[in-house]
Protein chains: 2
Amino acid sequence: MPRIAIIGLGLIGGSLGLALKRANVADLEITGYDSEPGVGGRARKAGAIDNDARNIRAACEDAALIVIATPILSVRPVLDEIAPVLGEGAVVTDTASTKREVMRWAEETLPEFVSFVGGHPMAGSERSGVDAADAALFQGRPWAVVPSVRAAEGAVQTVVGMARLAGANPSFIDAAEHDAYAAAVSHLPLVVSTALFSLASSSPSWPDIAALAGSGFRDVTRLASGSPDLALGISRTNKDNLLHWIDRFGEELRRYRNLVENGQQEEALLETFAKAQLDRDTFLLAPPRPPEPAPPSEVSSPGEQFRTFLVGEYVSRRLKQLETMTQARPAEDDELRRKLEGGD
Amino acid sequence: MPRIAIIGLGLIGGSLGLALKRANVADLEITGYDSEPGVGGRARKAGAIDNDARNIRAACEDAALIVIATPILSVRPVLDEIAPVLGEGAVVTDTASTKREVMRWAEETLPEFVSFVGGHPMAGSERSGVDAADAALFQGRPWAVVPSVRAAEGAVQTVVGMARLAGANPSFIDAAEHDAYAAAVSHLPLVVSTALFSLASSSPSWPDIAALAGSGFRDVTRLASGSPDLALGISRTNKDNLLHWIDRFGEELRRYRNLVENGQQEEALLETFAKAQLDRDTFLLAPPRPPEPAPPSEVSSPGEQFRTFLVGEYVSRRLKQLETMTQARPAEDDELRRKLEGGD
C-alpha cells in the first residue's frame with residue numbers, strides 16, 4: 001500500500017492530513033512525525049494521520065510521498081536526515097514560504113533517484129499547531145508547485161494531485177518568480193501587519209487605544225500573531241525580495257501621506273482610494289488564476305488521479321528495484337559460469 | 001410613542017436599525033431616511049426601519065432620538081438641515097469616524113434645548129450599503145460615546161442604551177482622545193491597508209502576484225475596499241493625528257527593515273516578532289475594556305433601560321413644553337389681569 005509521510009504536524013501538516021483523510025482515497029495510509037513530543041499522538045487522535053512514527057527516518061522509510069511541513073529553517077536538516085532512507089522513486093515535497101533556497105537544499109541533499117517538487121500552500125490562520133488544524137484550510141486557496149529540474153513527470157502530478165485533493169488550486173511557478181511574488185503578497189504583508197500592531201501596542205496609551213480597536217484593526221494586524229520563526233525563515237531565505245518590497249511600500253506610504261497632508265489634492269486622494277477600492281473589488285470578484293495543470297484524461301476523480309500517480313510512482317520504484325536486481329544477476333551468473341567452467 | 005430617526009441607511013445605519021428592531025423594544029418605532037432614492041424602501045423591506053420618510057425633516061420632526069449615520073462630510077449639512085425642526089429635549093447622536101469636528105458642528109448648529117451626544121461604533125465590513133446590513137455587526141464591538149458639554153444626563157444614557165441594545169460595548173471618551181486613538185487603531189490601518197493593496201495591484205506582474213494571494217493578503221488589505229469618502233472625511237477632520245501616526249509607522253517600518261537587512265540581528269528580529277505575537281495574543285484573549293457606564297439599578301433589561309430613557313426624554317420634553325406654556329400663561333394672565341383690573 002502506498003504510504004504518505006507528513007513531517008511536521010503543525011497547522012499546515014495537520015490540516016493537510018485532515019484534508020487528505022477527508023478526501024477518502026482508498027488504501028491511503030498517512031504516517032506522521034513531529035519533533036515535539038505528544039504532537040504526533042494528538043494528530044493521530046484528531047484523525048490527521050494513521051500512524052505516529054517513533055522517529056523521522058521510520059516515518060520516511062518506504063513512503064511513496066514525503067511532505068515536509070516544518071518551519072522553513074528546519075527543511076534543510078530534515079532533508080539531511082531523511083536522504084539516506086528514501087526509496088527509489090520516492091517523491092518529496094515541502095510547504096515552506098520561500099522556494100529558491102529550498103530547491104537548492106533539495107538539489108544538494110537528495111539522491112538522484114528521488115524526485116523533489118517544491119510546494120507552497122497560500123493559506124494560514126492566526127492560530128497555530130495541530131490543535132488549530134482544519135480540513136478546509138486549503139479550500140480554494142492557491143498552492144504553488146515548483147518542480148525541480150530532474151523531477152519525474154509522475155512525481156509532479158503526484159504533488160499537483162495532493163494539492164487538488166486538499167481542496168487547493170495548484171499552479172506551476174518558477175522558484176525565483178515565486179519568491180519575488182510571495183514577497184509582495186505574503187512576506188511584506190507579514191512585516192506591515194506586525195509593525196502596525198507593535199507600533200500601536202508599544203504606545204503608552206495602548207490600553208485606551210486597544211479599547212477602541214474594532215474588527216478592522218484585528219484583521220489588518222492578524223499576521224502579527226504568526227510564528228516568529230516564519231519571519232526569521234523568510235528574512236533569511238528571501239531577504240533581497242523582502243527589502244525591495246519594504247522600500248517600495250515606504251514610497252507608497254509617502255505618496256499617501258502627501259495626499260492626506262495637501263488639502264489641494266482632495267480629488268487625487270479620492271481617486272487613489274476609489275481606484276484601490278475598485279481594483280480590490282475586481283480582485284475579489286474574479287481573482288486572477290493561472291491555468292491549472294491539466295488533469296490526465298484517462299482517470300476520473302481527483303482522488304483516483306492522485307492514487308494512480310502515487311501507486312504509479314510506487315510501482316515504477318519497485319520495477320526499478322527489480323531491474324537493478326535483474327541487471328545484477330548476469331554478473332553473478334558470469335562469476336558462477338566462470339567458477340563452473342573453471343576459469344583462470 | 002417615542003420615535004427614533006436614522007438618517008443615512010448604509011451599512012451602519014441599516015445594521016443599527018436591524019439590531020434595534022431585533023432587540024424587540026416595546027413600542028419602538030424607527031423612521032429612516034436616505035438621500036439616495038430607493039434605499040429607504042429597501043431598508044424598510046429588510047426590516048431595518050418601520051417608516052421610510054419622504055424627506056430628512058419629516059424623519060426628524062417629533063423624533064425623540066436622531067441618529068446621523070451618513071458619511072462624515074455630510075454630518076454638518078444634515079445638522080444644518082434638521083436643526084430647525086428638532087423638538088425640545090430631542091437627543092441627537094452620530095456614528096462618524098472622527099469626533100472633534102462633529103462636536104464643533106453640533107455646538108454651532110443645534111439649538112440649546114437639544115442634547116448632542118457623539119458616537120462612533122468601531123465596526124465595519126468590506127461590503128457597504130443597506131444590502132450588506134447585519135444585525136450582528138456591532139456585537140461585542142466598542143462604541144465610543146462622546147457627550148457634549150451641555151448634553152442632559154438622560155440624553156447620554158439614551159445613547160449608551162442604544163449602543164448596548166445594538167450589542168456593542170459603549171464607553172465614554174473625550175473627543176480629542178478619541179481622535180488621537182482612532183487615528184492609531186482605525187485611520188492609520190485604513191491608509192496602510194489601502195497602500196499595501198494599491199502597491200501590489202499597480203505592479204506590472206499583478207496578475208501573477210494576485211494568483212498567489214492567500215487569506216493573509218485578503219485580511220490585511222480588507223480596508224482598501226472601504227468607501228473613498230471615508231478616507232477623505234478622515235483626512236479632512238483628523239489630519240494632524242493621521243499624519244502623526246503615518247510618520248511613526250514609517251519609523252517602525254524602518255526598524256523592521258533594519259532587522260531584516262542586518263543578519264547579525266537575528267535575535268533582535270526574533271524578539272521583535274515574538275513580542276508582537278505575545279502582545280497580540282494577550283490582546284485577543286483579554287481585550288482591554290474601559291469601565292462601562294453603570295446601568296441604573298432600578299430597571300432590569302437593557303431594552304427596558306433604553307426605553308425608560310427614551311420615554312424619559314420624551315416625557316421630559318413634553319413637560320418642558322408644558323412648563324413653557326405654563327410660564328407663558330402667567331404673563332398672559334398678568335396682561336389679562338391688568339386689562340381686567342384696568343391698569344395704566
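Below, chain A is the first sequence line, B the second, and so on; all start at residue 1.
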*asked:* Counting neighbours of CZ on Arg255(B) that are heavy atoms of other residues, nucleotides or ligands and sit closer than 6.0 Å, is the number greater than 12?
replied: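 It does: Arg255(B) CZ has more than 12 such atoms within range.
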I'd like to know which of [options] tops the heavy-atom pair count under 4.5 Å against chain A.
options	value
Gly226(B), Pro121(B), Ser227(B)	Gly226(B)
Pro189(B), Gly250(B), Ala210(B)	Ala210(B)
Asp229(B), Asp208(B), Ile246(B)	Asp208(B)
Ala182(B), Gly124(B), Ala231(B)	Ala231(B)
Arg222(B), Lys275(B), Met122(B)	Arg222(B)

*Write down the atom of Asn258(B), the atom of Gln265(B), and the distance for their closest heavy-atom approach.*
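Taking every non-hydrogen atom into account, O-NE2, 4.4 Å.
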Closest-packed option against chain B by number of heavy-atom pairs under 4.5 Å, given [options]:
options	result
Phe273(A), Trp206(A), Trp245(A)	Phe273(A)
Leu188(A), Asp247(A), Leu190(A)	Asp247(A)
Asp279(A), Leu243(A), Val191(A), Leu230(A)	Leu243(A)
Leu212(A), Val192(A), Leu253(A)	Leu212(A)
Thr194(A), Thr272(A), Asp281(A), Leu259(A)	Thr194(A)
Ala211(A), Ser215(A), Ser235(A)	Ser215(A)

*Between Asn238(B) and Asp179(B), is there a donor-acceptor pair closer than 3.5 Å when you use the side chain of the first and the backbone of the second?*
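Yes; at least one donor-acceptor contact below 3.5 Å.
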*Indicate yes or no for a side-chain donor-acceptor contact from Thr221(B) to the backbone of Ser193(B) under 3.5 Å, with no hydrogens or angles considered.*
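Looks like no, no N/O pair under 3.5 Å.
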Does a salt bridge link [X] with [Y], judged by any charged N lying under 4.0 Å from a carboxylate O?
X	Y	answer
Arg248(A)	Glu251(A)	no
Arg218(B)	Asp219(A)	no
Arg100(A)	Asp174(A)	no
Arg257(B)	Glu261(B)	yes
Arg76(B)	Glu101(B)	no

Checking heavy atoms, do the side chain of [X], its backbone, both or neither come under 4.5 Å from chain A?
X	answer
His120(B)	neither
Leu242(B)	side chain
Phe249(B)	both
Leu278(B)	neither
Ser201(B)	side chain
Leu269(B)	side chain
Asp240(B)	neither

_Parallel, tilted or perpendicular, as decided by the 30° and 60° cut-offs, for the rings of Phe283(A) and Phe197(B)_ =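 Correct class here is tilted.
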*Contacts of residues 129-143 of chain A with chain B (heavy atom under 4.5 Å)*: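 So the qualifying residues are Arg141(A), Pro142(A).
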Is any side-chain heavy atom of [X] less than 4.5 Å from a side-chain heavy atom of [Y]?
X	Y	result
Val260(A)	Lys239(B)	yes
Val75(A)	Trp105(A)	yes
Val220(A)	Leu223(B)	yes

*For the residue pair Ser198(A) and Tyr256(B), confirm or rule out a side-chain donor-acceptor distance under 3.5 Å.*
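A pair is found: one side chain offers a donor N or O, the other an acceptor, under 3.5 Å apart.
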*For residues Asn241(A) and His187(A), is any side-chain donor paired with an opposing acceptor at under 3.5 Å?*
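Note: Asn241(A) and His187(A) side chains miss the donor-acceptor criterion.
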*Could you tell me which portion of Ile173(A) (side chain, backbone, both or neither) has an atom closer than 4.5 angstrom to a non-hydrogen atom of chain B?*
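Interface part for Ile173(A): side chain.
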